[in-house]
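Okay, so here's the structure we're looking at.
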Amino acid sequence: MPGKVARVPTRLSQLFVRTLREDPADAEVASHRLLVRAGYIRRQAPGVFAWLPLGLKVRRKIEAIIREEMANAGAQEVHFPALLPREPYEVTNRWTDYGDGIFRLKDRKGADYLLAPTHEEVFTLLVKDLYSSYKDLPLSIYQIQDKYRDEARPRAGLLRGREFTMKDAYSFDYTDAGLDESYQRQRDAYERIFARLGLDYVIVEADAGAMGGSRSEEFLHPTPVGEDTFVRSNGGYAANVEAFRTIAPESRSYEKLTPAEVLDTPNTPTIQTLVDVANEKHPRPDGRAWTAADTLKNIVLALTALDGTRELVVVGLPGDRDVDLKRAEVAFAPAEVEAATEADFQKHPGLVKGYIGPWTAAGPVLGIRSETGIRFLLDPRVSDGSGWITGANEHGKHVFGLVAGRDFEADGVVEVAEVLAGDPAPDGSGPVELARGMEIGHVFQLGRKYAEALGLKVLDENGKLVTVTMGSYGIGVTRILAVIAEANNDSRGLIWPRNVSPFDVHVVAATKEPEVHAAAEKLVAEFEDARFDVLFDDRPKVSPGVKFGDAELIGVPVIVIVGKGIAEGRVELWDRRTGVKTPVGIGEVVDAVAALA
RNA sequence: CGGGGCGUAGCUCAGCUUGGUAGAGCGCUCGGUUUGGGACCGAGAGGCCGCAGGUUCGAAUCCUGUCGCCCCGACCA
């Protein structure tokens, strides 16, 4: 039998930590506030944090869980530099595509480097270096590494920093079926990781974006501080709003519809004023009231392409909906999207602000074959045969009963309208509800884009050169830590789930009596012998109130108070989460804590 | 990048309107008392009042500029 490994409990009197009595002035969200206050992290620069011993311990716990599950998923760990040369990113255009989003630097010779925001390129190149046969595949490799993004606005402490730690994994297969399998293994691993971390999550369809991938899902933790909006239906559909697809109504015949008619609608530059005036002056023949959904709103957007060229496009959508700029960014990626400015309107006198529409009696106004030549794209709800009230391109006038397909045609369909609660899920699983979430993981079938660009090919069974297909799988380690803190706290401090708590048990010597300290020392040694990682508040001259307060702040879920009960051989087992304190005989407390696990 | 707010002690802040040369609480050090919910008494250490110009006999305070930080929005894992 090997002897006991000598372990040393962490004594609060020695621990490099300083708890703060008050909230730091620059912290807003709970996780940021409490992690700083309890001495886990310190701000170093905007969005950049130093890690103190307590914070590091939690990080390591999270990383250990991730490493175990990566191993279970058959992924091997490697480690790339954070500092990388420009060239690989040049090949895939990301040196420019990333724009201001990356930290760039030069060495003394003037050569360009970057602090990697993500590592697809170098992983791909390394595999290309070493492997050339299908027999080497499939391969999954990952690293836990710091990433750098020059965020326009870092915020909320660890939730959106400029330096953050991510586990990023990459899979390499030579068949699509292989990629599906690798993807599924990572996806399964993520489910196990989040389960072990005790984190709520929703898997949502994500936008595959300009990367041309075939499948992409995000793991979102539902929380009001989340920056993603997602939808879900009772029938099981879930998607990021950016990936939501609208069901287009069936085309209708417009044989029997009455012709369009231009009517006076004075002072109606907004949808609401238009609806009011329409009901007042031009009521619908069948008596039903006009609503915003009967109007076709034409919004002018300005797109700026990567090369800087600016193009106006008009999008037509039902008047009861606004443009969702995030969805617009996705729809027009990689161009940047903003609302058209006053200057844009001045360049196009054909656009009568407030009364824009696709049609006049003289001919089409919008669309590439029109007099303005401005691209005109329609929301899927504006299907052939649907009739609308829309601008007549003249101040104070709208055209009623303008029918899509009969009276006007668009250059295409576009998904830029906001998604509203109650909209039908595209898979027919019922109406959706909206919620906020924080992205904590992302699994993504990259396909062959990177392998193609970087020339990663292998010989297959037939001796034929085939391009490898890849997947990319990310989990934000430091973000997860913050999200856990965000989801597990109360007014007094943090409350860690046992799996990630910096310590297994926090022993407080609650009075200054020598007998109490001696008993606490003895108990701590017993915990150590039983392989518990113990935080021991041995501070000799600190009052009990301060110790209790610090224990609550630091958030170890199991606290043992050694104090005045010691005369009767009793200590208290304190459940941080419920606040319940239970008297326990000092001889039974180690077993009692073990039983909690 | 647009809007708002703030830079004074390690931390949280007051002082600025009405200029006179720096304060409180907490924390820290020393001595004493106290001891199960953030104790008390006494004595201390600690600040180019973000930076630079200007006005003035005199600027934390007024003026100009500048830098930085935080929050909301845009953007983003």
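Worth knowing before you read on, the calculation uses all heavy atoms, side chains too, and leaves out hydrogens, waters and symmetry mates. In what follows, chains carry the letters A, B, and so on, assigned in the order in which the sequence lines appear, proteins first and then strands, with residues in each chain numbered from 1.
- Using a 4.0 Å heavy-atom cutoff across all strands shown, A:Gly101 reaches no nucleic acid atom at all.
- Remark: A:Arg60 engages no residue in a salt bridge (charged side-chain N to carboxylate O under 4.0 Å, His left out) (not counting sequence neighbours).
- The pairing partner recorded for B:U64 is B:A52, the criterion being a Watson-Crick or G-U wobble arrangement whose two distances lie under 3.5 angstrom.
- Distance A:Ile561 CD1 to B:U35 C1': 15 Å, rounded to the nearest Å.
- Taking for each of A:Ile566 and A:Gly47 the nucleotide of RNA chain B with the nearest heavy atom, the 5'-most of the two is the partner of A:Ile566.
- For A:Trp574, the ring pair (Phe, Tyr, Trp, His ring centres under 6.0 Å) partners at least two apart in sequence or on another chain are A:Phe548.
- Within the 4.0 angstrom heavy-atom criterion, no nucleotide atom of any strand lies near A:Lys167.
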(request) Could you encode protein contacts along nucleotides 71-77 of chain B as a string, one character per nucleotide from 5' to 3', using B for base contact, S for sugar-phosphate-only contact and - for no contact, with a heavy-atom cut-off of under 4.0 Å? (result) BBBBBBB
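- Residues passing the side chain to side chain donor-acceptor pair (under 3.5 Å) test with A:Asn489: none are found, sequence neighbours excluded.
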(request) May I have the step-by-step check of side chain to side chain donor-acceptor pair (under 3.5 Å) for A:Tyr183 and A:Gln445, ending in yes or no? (result) CA-CA 7 Å; A:Tyr183 178 93; A:Gln445 294 195 355; 5.9 Å; no
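- Checked against a 6.0 Å centroid threshold, the rings of A:Phe49 and A:His32 count as neighbours.
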Pairs under 3.5 Å (N/O, protein and nucleotides 3-10 of chain B):
none

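- Using a 4.0 Å heavy-atom distance criterion, A:Pro24 is classed as a sugar-phosphate-only contact.
- Within the shown strands, nothing qualifies as a pairing partner of B:A45 under the Watson-Crick or G-U definition with both distances less than 3.5 Å.
- In this structure a side-chain-to-backbone donor-acceptor pair under 3.5 Å is present from A:Thr478 to A:Thr165.
- Applying the salt bridge (charged side-chain N to carboxylate O under 4.0 Å, His left out) test to A:Arg479 and every residue at least two apart in sequence or in another chain returns A:Glu227.
- In this structure, the ring of A:Tyr473 has its center no less than 6.0 angstrom from the ring center of A:Tyr190.
- Residues from residues 507-527 of chain A placing a heavy atom under 4.0 Å of any atom in RNA chain B, listed by number, are A:Thr511, A:Lys512.
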Extract from the structure each pairing of a protein N or O with an N or O of nucleotides 28-31 of chain B at less than 3.5 Å, listing the distance.
none

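- Annotation: ring pair (Phe, Tyr, Trp, His ring centres under 6.0 Å) contacts of A:Phe103 (sequence neighbours excluded): none.
- Here the side chain of A:Gln145 pairs a donor or acceptor atom with the backbone of A:Phe80 at under 3.5 angstrom.
- Using a 4.0 Å heavy-atom cutoff across all strands shown, A:Gly474 reaches no nucleic acid atom at all.
- With B:G38, B:C11, B:G37 as the candidates, the nucleotide lying closest to the side chain of A:Val546 is B:G38.
- Residues passing the side chain to side chain donor-acceptor pair (under 3.5 Å) test with A:Arg43, sequence neighbours excluded: none.
- A donor atom on one side chain and an acceptor atom on the other are not found under 3.5 Å apart for A:Arg59 and A:Tyr40.
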Side-chain donor-acceptor distances from residues 509-516 of chain A under 3.5 Å, at least two apart:
{"unit_1": "A:Thr511", "atom_1": "OG1", "unit_2": "A:Glu513", "atom_2": "N", "d": "3.3"}

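- A:Asn499 and A:Lys61 make their closest contact through O-CD, 3.6 Å (heavy atoms, listed as atom of the first residue, atom of the second, distance).
- Following rounding to the nearest Å, A:Arg37 (CZ) and B:C26 (P) show an atom-to-atom distance of 16 Å.
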(request) Using a 4.0 Å cut-off on protein heavy atoms (strictly under), produce a 5'-to-3' string for nucleotides 41-46 of chain B with B for base contact, S for backbone-only sugar-phosphate contact, and - for none. (result) ------
